[in-house]
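Positions are given from 1, in the same order as the sequence printed here.
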Amino acid sequence: ADYGSNPQFVCCSATIANPGNLASMLTSLEDPLVIETDGSPCGNRFFVLWNPPFLPNKERKNERRSANIEATNLFISLIRHDLRTILFAKVRLIAELVMQHTRSRLKGDTGRTLLERVRVYRGGYMAEERRQIEKDLFNGTLLGCIATNALELGVDIGSLDCTITCG
């Protein structure tokens with residue numbers, strides 16, 4: 001390095017495909033050290049692929065239950081078991097539909113209702129409202145969130161128990 005200095009660079013990204021190439025381009029280093037493992041503590045992770053069951057209709061043997069309804073049922077079951085859950089829907093319409101089904105199913109719950117602890121998160125909300133939902137998710141006020149991909153853009157939510165991807 002110029003002037004007898006020996007600078008060190010720390011470059012961070014959770015999403016870049018080729019971090020070594022980018023770090024080399026940015027810093028002019030020939031062979032930057034890339035750390036690709038996560039040493040932070042975390043619990044076990046389980047991945048479950050859920051295929052909706054066939055409908056009991058003998059005329060249409062290959063017709064399955066709605067994936068949206070199955071995801072809603074799973075979401076409700078998880079939050080009723082006090083598991084912090086996010087359900088990702090591909091589009092706003094599906095997110096709102098899942099919330100509508102969730103509302104109708106949770107209406108009769110007593111005490112501090114689960115319904116008060118479930119919100120929809122989508123890009124059409126004002127920034128202040130989205131920030132409040134993010135804060136409530138992070139601090140545990142919310143137990144469940146039905147979201148479009150607007151939530152996953154740079155939002156760090158700790159201590160989630162379950163994530164459902166619908167569609």
Side-chain angles (χ1 to χ4, degrees), residues 12-19 36-167:
C12 301
S13 173
T15 58
I16 193 84
N18 297 310
E36 297 181 281
T37 56
D38 181 357
S40 62
C42 68
N44 291 334
R45 292 183 182 139
F46 300 95
F47 293 88
V48 177
L49 301 177
W50 189 285
N51 200 6
F54 289 107
L55 291 172
N57 185 342
K58 295 180 184 191
E59 295 163 14
R60 294 189 218 151
K61 293 182 181 179
N62 293 330
E63 192 173 349
R64 293 183 178 272
R65 285 183 50 140
S66 161
N68 299 333
I69 297 297
E70 287 293 300
T72 303
N73 291 342
L74 184 57
F75 178 74
I76 291 168
S77 179
L78 292 168
I79 62 173
R80 280 188 169 149
H81 284 89
D82 205 33
L83 295 169
R84 292 184 60 202
T85 304
I86 291 182
L87 185 150
F88 284 108
K90 285 190 171 196
V91 294
R92 184 182 76 172
L93 178 65
I94 300 301
E96 296 291 350
L97 183 63
V98 169
M99 185 62 185
Q100 185 178 24
H101 288 298
T102 300
R103 272 192 197 109
S104 68
R105 297 262 309 276
L106 294 179
K107 261 194 271 193
D109 288 2
T110 58
R112 180 170 182 217
T113 68
L114 288 177
L115 195 51
E116 293 172 358
R117 298 187 67 199
V118 175
R119 295 283 310 268
V120 172
Y121 184 104
R122 57 183 174 77
Y125 291 150
M126 299 294 288
E128 305 83 46
E129 190 171 4
R130 289 196 317 269
R131 298 299 89 76
Q132 184 61 50
I133 295 169
E134 292 165 14
K135 179 182 170 192
D136 291 345
L137 273 170
F138 190 78
N139 68 23
T141 301
L142 290 181
L143 188 57
C145 183
I146 302 157
T148 62
N149 63 355
L151 180 62
E152 63 186 337
L153 300 175
V155 177
D156 182 18
I157 299 167
S159 302
L160 277 179
D161 296 308
C162 304
T163 302
I164 301 168
T165 303
C166 180

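Nearest heavy atoms, C145 versus I133: SG-CG2, 4.4 Å.
Contact annotation: the side chain of C166 never approaches that of E70 to less than 4.5 Å [non-hydrogen atoms, C-beta and beyond]. Side-chain contact check for L55 versus R64: every heavy-atom pair is 4.5 Å or farther apart. Residues I86 and Y121 fail the side-chain proximity criterion, which asks for heavy atoms closer than 4.5 Å.
A distance of 13.0 Å separates NZ of K90 from OG1 of T148, quoted to the nearest 0.5 Å. Distance check, rounded to the nearest 0.5 Å: CG of L137 to CG of L142 gives 5.0 Å. Interatomic distance, CG of L115 versus OG of S104, reported as 9.5 Å (0.5 Å rounding). Of the inter-residue distances, the one linking L160 atom CG with L83 atom CG reads 10.5 Å to the nearest 0.5 angstrom.
Every residue two or more places apart in sequence or in another chain was checked for a side chain to side chain contact (heavy atoms under 4.5 Å, CB included) with T165, and none qualifies. Listed by chain and residue number, nothing satisfies the salt bridge (Lys or Arg N to Asp or Glu O under 4.0 Å) test with R130 (two or more places apart in sequence, or in another chain). In this structure, A17 has no side chain to side chain contact (heavy atoms under 4.5 Å, CB included) partners at least two apart in sequence or on a different chain.
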For a quick test of your reading: what N or O donor-acceptor pairs under 3.5 Å do the side chains of residues 72-82 make, sequence neighbours left out?
from	atom 1	to	atom 2	distance (Å)
T72	OG1	N68	O	2.8
N73	OD1	R105	NH1	2.5
N73	ND2	I69	O	3.4
R80	NH2	R105	O	3.2
H81	ND1	S77	O	2.8

Just distance, no hydrogens or angles: give the donor-acceptor pairs under 3.5 Å from side chains in residues 92-102, sequence neighbours left out.
from	atom 1	to	atom 2	distance (Å)
E96	OE2	R122	NE	2.6
T102	OG1	V98	O	2.8

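Not a single donor-acceptor pair under 3.5 Å links the side chain of R119 to the backbone N or O of I146.
A salt bridge between R131 and E128 is absent, with no side-chain N of the basic residue lying under 4.0 Å from a carboxylate O of the acidic one.
A salt bridge (charged side-chain N to carboxylate O under 4.0 Å, His left out) check over residues 39-51, counting only residues at least two apart or in different chains, returns nothing.
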CA sep, side-chain torsions, deciding dist, call: N149, F88, side chain to side chain contact (heavy atoms under 4.5 Å, CB included): CA-CA 7 Å; N149 63 355; F88 284 108; 5.7 Å; no

